[in-house]
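Below is one structure, written out as structure tokens; comments come after it.
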Amino acid sequence: MSPVYRTHHCNELRASDVGREVKLAGWVNMHRNLGGVVFLDLRDREGLTQVVFRPEDNAELAAEARKLGHEDVIQVTGEVAARIAGMANPNLPTGEIEVIAHELRVLNRAEDLPFEIGGDVKDEDLRLKYRYLDLRRPQLARNLRIRDKVVKAVRDYFHANGFIEVETPILSKSTPEGARDFLVPSRIWPGKFYALPQAPQQYKQLLMVAGVEKYFQIAKAFRDEDLRADRQPEFSQIDVEASFVRPDDILSLTEGMLAAIYRDALGVEIQTPFDRVTYYDAVNTYGSDKPDRRFGMKLVDLTGAFRQSGFKVFRGAIENGGVVKAINAKGFASVTTGQLADLETTAKKFGAKGLATIKAEGSEWKSAITKFLSDSERETLRTQLEIEQGDLILFAADKWDRACEVLGRLRLRVAEMLNLVPPNDVRDFLWVTDFPLLQFDPAEDKWNAVHHPFTRPHAADMQLLDEKKYAAVRAEAYDVVLDGVELGGGSIRIHEPELQAKIFSILGVNEQQQQELFGHMLRAFRTGAPPHGGIAFGLDRIVMLVCGETSIREVMAFPKTNRAQDLMSQSPSPADNRQLRDLGIKLAPERESS
RNA sequence: GGAGCCUUAGCUCAAUUGGUUAGAGCGCUGCCCUGUCACGGCAGAGGUUGCGGGUUCGAGCCCCGUAGGCUCCGCCA
């Protein structure tokens, strides 16, 4: 670094530097004008250093310093001095010393800012509009630094394991499955469009065909869907693919990567290997394929107990091929009417017809359903759910998947109400394995890929595929979950053209479409494609959890709002007519907005 | 596409049941202050209560609409 502007950064000087002539540059963080002597805290990326201007040394300079304001950018030349006895600041790494200024250069004045850099800003709208100021604030500045450490840890880790980073195109081709694509019109080919990649999925598989063997990339991906706290239209993936691998290889590779991330970014050792839970067990026990296991409240199956029940709602659900399940919200008999209404709304939102509950208050069970229950049924409930005084029991009676989902959602809601979710440093990593390969969509009346169409069916389930028992076919797919958040997912892929074509057919992609949309893939698979598989991670989500944040916007430099706008640059914005003409695009009248 | 919450000074918030001139802290401006570190003291400027309409003698507060932000559902292989 050239010493023209500075010789040290603002978190560098210590008592051992006393007597040195130094130059510092940065922002005026705090300004303390005592009438005579002037102190200011100079801030740069690394920290703070106190600078002193003493009128007895240089009255003119002190007068200049008196005129400085917050966030002015200055350069100071001076001598490092020990602070006078008893005046050290133990809260500052540089608190033993100060720089006695000999020279002051104002590099740039700052006008009054829309918010204080050191303050608390609640209005995210305002933060996003002035994102470059928001990023000066300690929290976001820290998040940027942590993100950099995570990215570096990832690159170091994969390089150390023989992976090479390969970039893939941003201008690529639209595919029928999955999210809505962002389209980019082609000028050279009027009427034709590129699509921005939802993931580098096809390219990375083609890199395996190319013999790259071990590929990774920190890749941008784009999905034109509605946003959430953990979803942005444009986001980053850690994309990984390797040849001649089995699921275990990818799982342990991932565990090593996450361990390296936590070690390098936080200095924390995480426990590996992670637990593995099948998709069935995860849903059956926690009502979710990304379970948060940091609190209990497991789903208990009561189907056996109610098969012959006098309570028609439960018996009827079972006779229709469903199940009866319940969770015990320990100590929540104190639930308020409002909370109970909230829980019932939640249950109905996810397809329950109603919400049966039991409040175990004193020796009494307060419930609308207990009068339908036999003594032995009550006893079974008591033992299986381990009901004690003060507990609240929530039931679901429905088809297995719906009952599980309803209770899974209730479980999360109750955990929130009871503050059961532990702090961020209690980490629960786990694998969810053996996902179903296919899922029937009644709305479209067709089978869809749960993961994506290149996912390999379990070898043991190939026969079920031929027997068209599609719902029972398991995939060689896996998700890694941390504290109820899906960090990433992947699979072993199909490398045989015949099997791939068969899967496409089941998904309703006819032969002509297969050739048009995936012809290059099928052809590539006929040229000596090695067995391969991989995984992709949501980098933003990983960084979010490492930083202890609850929104990925807090770990992205320039995120967009809920409605996909950049409030700083005001994108998206209208295109002028000339641009549109070049692209051969005419707007439909109703879409011509401001 | 749907549901909920929020919007008062530059920022963070307050304002009794609908009742006089909408307040405070920080920031900003001016003056004072020579060892502070969230420096201190005195004085001051700063408001179309997001916007539009309605009810009312009277609306920051009640009603309707609308804009924006956020959270969630749908959606996101």
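Only a predicted model underlies this, so the values are computations on that prediction, with no experimental measurement involved. FYI, side chains are in, hydrogens and waters are out, and symmetry mates aren't considered; it's all heavy atoms of this structure. Chain naming here is simple, since letters A, B, ... match the order of the sequence lines and numbering starts at 1 in each.
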Kindly say whether the aromatic ring centers of A:Phe440 and A:Tyr470 come within a distance under 6.0 Å.
-> no

Choosing from [options], which nucleotide comes nearest the side chain of [X]?
| X | options | value |
| --- | --- | --- |
| A:Asp123 | B:U12, B:G69, B:U34 | B:U12 |
| A:Glu98 | B:U36, B:C37, B:C28 | B:U36 |
| A:Val121 | B:C72, B:C11, B:U36 | B:C11 |
| A:Asp125 | B:G69, B:G74, B:U12 | B:G69 |
| A:Ala229 | B:C70, B:C72, B:G35 | B:C72 |
| A:Lys349 | B:G69, B:C73, B:C28 | B:C73 |
| A:Glu116 | B:C26, B:U36, B:G69 | B:C26 |
| A:Met30 | B:C33, B:A38, B:G69 | B:A38 |
| A:Phe350 | B:C70, B:G35, B:G74 | B:G74 |
| A:Phe115 | B:G74, B:G68, B:C11 | B:C11 |

N or O in side chain of [X] less than 4.0 angstrom from [N] OP1/OP2:
| X | N | answer |
| --- | --- | --- |
| A:Gln232 | B:C76 | no |
| A:Arg228 | B:C76 | no |
| A:Arg553 | B:U71 | yes |
| A:Arg180 | B:C76 | no |
| A:Arg32 | B:U36 | no |
| A:Asn562 | B:U71 | yes |
| A:Arg223 | B:C75 | no |
| A:His70 | B:C28 | yes |
| A:Lys122 | B:C13 | yes |

Between [N] and [M], how many Å separate the two [atom1] atoms, rounded to a whole number?
| N | M | atom1 | value |
| --- | --- | --- | --- |
| B:U8 | B:G46 | C1' | 14 Å |
| B:G41 | B:U12 | C1' | 24 Å |
| B:A22 | B:G47 | P | 12 Å |
| B:C75 | B:G68 | P | 25 Å |
| B:C5 | B:U21 | P | 32 Å |
| B:A3 | B:A9 | C1' | 33 Å |
| B:G19 | B:A24 | C1' | 22 Å |

Excluding sequence neighbours, so at least two apart, what forms side-chain hydrogen bond (donor to acceptor under 3.5 Å, both in side chains) with A:Asp461?
-> A:Arg474

Using Watson-Crick or G-U wobble geometry with both distances below 3.5 Å, tell me the partner of [N], or none.
| N | result |
| --- | --- |
| B:C13 | B:G23 |
| B:U56 | none |
| B:G65 | B:C51 |
| B:G74 | none |
| B:U36 | none |
| B:U29 | B:A43 |

In terms of side-chain heavy atoms, does [X] have a donor or acceptor partner in [Y] at a distance below 3.5 Å?
| X | Y | result |
| --- | --- | --- |
| A:Tyr215 | A:Asp239 | yes |
| A:Thr168 | A:Gln217 | yes |
| A:His532 | A:Arg456 | no |

Of A:Gln201, A:Gln205, A:Gln500, the one forming a side chain to side chain contact (heavy atoms under 4.5 Å, CB included) with A:Met521 is A:Gln205

For A:Arg127, answer base if it contacts any base atom (sugar-phosphate contacts may also be present), sugar-phosphate if it contacts only those atoms, and nothing otherwise; contact means non-hydrogen atoms under 4.0 Å.
-> nothing

Sugar-phosphate only, base, or nothing, as touched by A:Leu48 at under 4.0 Å among non-hydrogen atoms | nothing

Under 4.5 Å between any side-chain heavy atoms of A:Asn58 and A:His102, yes or no?
-> no

Side chain of A:Asp226, base of B:C75: donor and acceptor closer than 3.5 Å?
-> no

Whole-Å distance, A:Glu416 CD to B:C5 C1', equals 14 Å

Could you give the CZ-to-P distance, from A:Arg66 to B:G35, as a whole number of Å?
-> 13 Å

Begin from the C-alpha positions of A:Gln50 and A:Asn89 and carry the test side-chain hydrogen bond (donor to acceptor under 3.5 Å, both in side chains) through to its verdict.
-> CA-CA 10 Å; A:Gln50 173 165 286; A:Asn89 183 349; over 6 Å; no

